[in-house]
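Every chain is numbered from 1 and lettered A, B, ... according to where its sequence line falls, protein lines coming before strand lines.
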Number of protein chains: 2
Amino acid sequence: MPERVLIYEDNDALRKSLEELLMLSDEFVVVSTARDCLSVEEDIRQLNPDVILMDIDMPGMTGIEAVKKIRVFNKKIFVIMLTVFEDNGHVFDAICAGASGYLLKKNVSEKLIPAIREVLTGGAPMSPVIAKMVISSMQKSSGKQYNFTVRENDILKLLCKGMSYKMIANETGLAFETIRSYIKNIYEKLQVHSATEAVSKAINEKLV
Amino acid sequence: MPERVLIYEDNDALRKSLEELLMLSDEFVVVSTARDCLSVEEDIRQLNPDVILMDIDMPGMTGIEAVKKIRVFNKKIFVIMLTVFEDNGHVFDAICAGASGYLLKKNVSEKLIPAIREVLTGGAPMSPVIAKMVISSMQKSSGKQYNFTVRENDILKLLCKGMSYKMIANETGLAFETIRSYIKNIYEKLQVHSATEAVSKAINEKLV
DNA sequence: ACGATAATACCCCAATCAGGGGGGTATTTA
DNA sequence: TAAATACCCCCCTGATTGGGGTATTATCGT
């Protein structure tokens, strides 16, 4: 049984060629195409696609907004984003919104069918540059911008687990007042004035 | 000029074949091989490799520990991890430690040289399954496990930015006591008892 | 159209916790 | 030997937490 593909792409020529490309293979059937994704929810309920090809820039609603909307009611449909640029912000937004893969338009002719096959078998197709961006975003920020001492780092780690001063004192075996003075130093180095700020900054900047 | 490759792999047969595979191509020169990575820091300073192939499981020091050690003094060398399993924990640990790519041993013969080329041109080679794991880990946890109301979500978001009750009250235009009662509800739903715990949980579970 | 339920917005009291300001000593390292 | 690190203590104010409430709108199912 062929996989059901739904296409959203506002460029008429590209939309046509995507459709034709897929029609050449009997693995796939294009259940519908559209130049905007305003009716995406309705479309999905009616057409029950397995895979959606979604342009990022479209009039009315962007592809990223559409993915968010889809994920509210459906976690299983695979959505492959199509884009011209390997643009940092858009890529991350789309991935966080729940995209399954990321295809550059310039590579569409060779990569489209392999990419669809890849998502269907549990993969996440993306260009090498995007893969690198994703990996980089997960890596610890080289660590030493704030010049924490070993102890300060330990205590920040415990603070980030949500522990109170008392609990940290118990956990480390240090005196309560010692913890307090370490935390004062940590705040000074992080340039913050509360535990929540410190935790927020530490986690978001991957300091721990 | 050929790229300088350094190999750490405790299995003698595999280490030999990796070396031989690379020697077949004049793109690469294997500057050294070792069955453990205890002297990795010294090796790097002496041999100045461009790329390191690093087994994950080795006696003495694991490949992951070795990557961490490398990243303390060198951020540029590419490290490709070699592993038998697409094991969740190890993969993430290695990526967070600073690995540049992830190669499954069963695919080494076809994928090794393309993978090295890929890291050298700014990519991040990894198997489809690993790519999928990485992507999944970045995506928002579907949202509604804790059944926050719109307001509760707003306020949790502000709390996660490190704001105090007062600041949140100013920001939202609501009364201080209103913020307090929302935060009580948030704590109840999250099953926590302090702002730091809430922020920690919210950020780590990508609720905001 | 009806009550039930949920969401929103607000208030008080009491006890504990955290944050900013001081102060200090001992040990290790450069 | 000066600097850095690790450790400890006091005071005071203001913030946070946990326990009670009340009132007004929406929203939903029958």
Side-chain angles (χ1 to χ4, degrees), chain A residues 41 69 72-73 142-205 207-208, chain B residues 41 69 72-73 142-205 207-208:
Chain A
E41 190 165 350
K69 203 169 174 185
V72 172
F73 69 94
S142 44
K144 292 279 171 188
Q145 308 98 314
Y146 294 103
N147 284 99
F148 290 125
T149 67
V150 181
R151 270 282 189 262
E152 284 167 356
N153 222 323
D154 290 347
I155 289 166
L156 181 55
K157 217 170 282 177
L158 298 173
L159 202 61
C160 287
K161 284 166 70 178
M163 297 173 85
S164 68
Y165 290 22
K166 268 189 186 173
M167 293 165 82
I168 296 177
N170 280 326
E171 183 73 22
T172 56
L174 301 177
F176 177 82
E177 280 299 329
T178 306
I179 302 302
R180 264 175 45 66
S181 60
Y182 278 118
I183 289 183
K184 282 184 215 178
N185 289 330
I186 292 170
Y187 288 3
E188 177 68 27
K189 290 183 180 177
L190 277 177
Q191 295 275 113
V192 301
H193 307 280
S194 71
T196 49
E197 267 189 284
V199 170
S200 169
K201 200 160 185 176
I203 300 181
N204 284 318
E205 298 186 19
L207 304 176
V208 287
Chain B
E41 189 166 351
K69 204 169 174 184
V72 172
F73 69 96
S142 45
K144 292 279 171 190
Q145 309 97 314
Y146 293 104
N147 284 99
F148 290 124
T149 68
V150 181
R151 270 283 186 264
E152 285 167 354
N153 224 321
D154 291 347
I155 288 167
L156 181 54
K157 220 171 279 179
L158 297 173
L159 203 62
C160 287
K161 285 168 68 178
M163 297 173 87
S164 68
Y165 290 22
K166 269 188 186 172
M167 292 166 80
I168 296 176
N170 280 325
E171 183 73 23
T172 56
L174 299 176
F176 177 82
E177 280 298 332
T178 307
I179 302 302
R180 263 173 47 62
S181 58
Y182 279 121
I183 289 184
K184 281 184 225 176
N185 288 331
I186 293 170
Y187 287 4
E188 177 67 28
K189 290 182 179 177
L190 278 177
Q191 294 275 112
V192 300
H193 307 279
S194 72
T196 49
E197 264 190 288
V199 170
S200 168
K201 201 160 184 175
I203 300 181
N204 284 317
E205 298 186 18
L207 305 177
V208 288

Worksheet entry | Spacing of B:I168 atom CD1 relative to C:dA9 atom P, expressed in whole Å | 14 Å

Fill in: Side-chain (A:Y187) to main-chain (A:A195) donor-acceptor, under 3.5 angstrom
yes

Worksheet entry | Euclidean distance, atom NZ of residue A:K184 to atom P of D:dC12 [Å, nearest integer] | 15 Å

Item to complete: Send over the distance from B:I179 CD1 to D:dA15 C1', rounded to a whole Å.
Response: 15 Å

Practice prompt. Determine: side-chain N/O of B:T178 to OP1/OP2 of C:dA9, distance under 4.0 Å, yes or no.
Written response: no

Discussion item. Without decimals, in angstroms, what is the distance between A:E177 CD and D:dC9 C1'?
Written reply: 6 Å

Item to complete: Might you point out which heavy atoms bring B:A202 and B:C160 nearest each other, and give the distance in Å?
Response: CB-SG, 3.6 Å

Worksheet item: Is any N or O donor-acceptor pair between the side chain of A:S164 and the base of C:dC17 shorter than 3.5 Å?
Response: no

Worksheet item: Has the side chain of B:K166 got a donor or acceptor that lies under 3.5 Å from a partner of the other kind on the base of D:dG14?
Response: no

Worksheet item: Does a side chain donor of either A:Y146 or A:E205 reach within less than 3.5 Å of an acceptor in the other side chain?
Response: yes

Worksheet item: What are the two closest non-hydrogen atoms of A:M163 and B:T196, and how far apart are they?
Response: O-OG1, 4.4 Å

Worksheet entry | Length of the line joining A:L159:CG and C:dC17:P, which is rounded to integer Å | 15 Å

Worksheet item: Which whole-number value in Å describes the distance from A:F176 CZ to C:dC17 C1'?
Response: 7 Å

Discussion item. I'd like to know whether NZ of A:K161 has more than 12 heavy-atom contacts from other residues, nucleotides or ligands below 6.0 angstrom.
Written reply: no

Response to the item:
From CZ of A:R180 across to P of C:dG21 the rounded distance in Å is 12 Å

Practice prompt. Look at B:T149 and C:dA6 and indicate whether a side-chain polar atom (N or O) is within less than 4.0 Å of OP1 or OP2.
Written response: no

Discussion item. At 4.0 Å (heavy atoms only), tell me whether B:S194 reaches a base, stays on the sugar-phosphate, or touches nothing.
Written reply: sugar-phosphate

Worksheet item: Choosing from D:dA6, C:dC11, D:dC9, which nucleotide comes nearest the side chain of A:A175?
Response: D:dC9

Fill in: Whole angstrom value for the distance that separates P of C:dG20 from OH of A:Y182
19 Å

Worksheet item: Between A:M163 and A:S181, which is nearer to the 5' end of DNA chain C once each is assigned its nearest nucleotide?
Response: A:M163

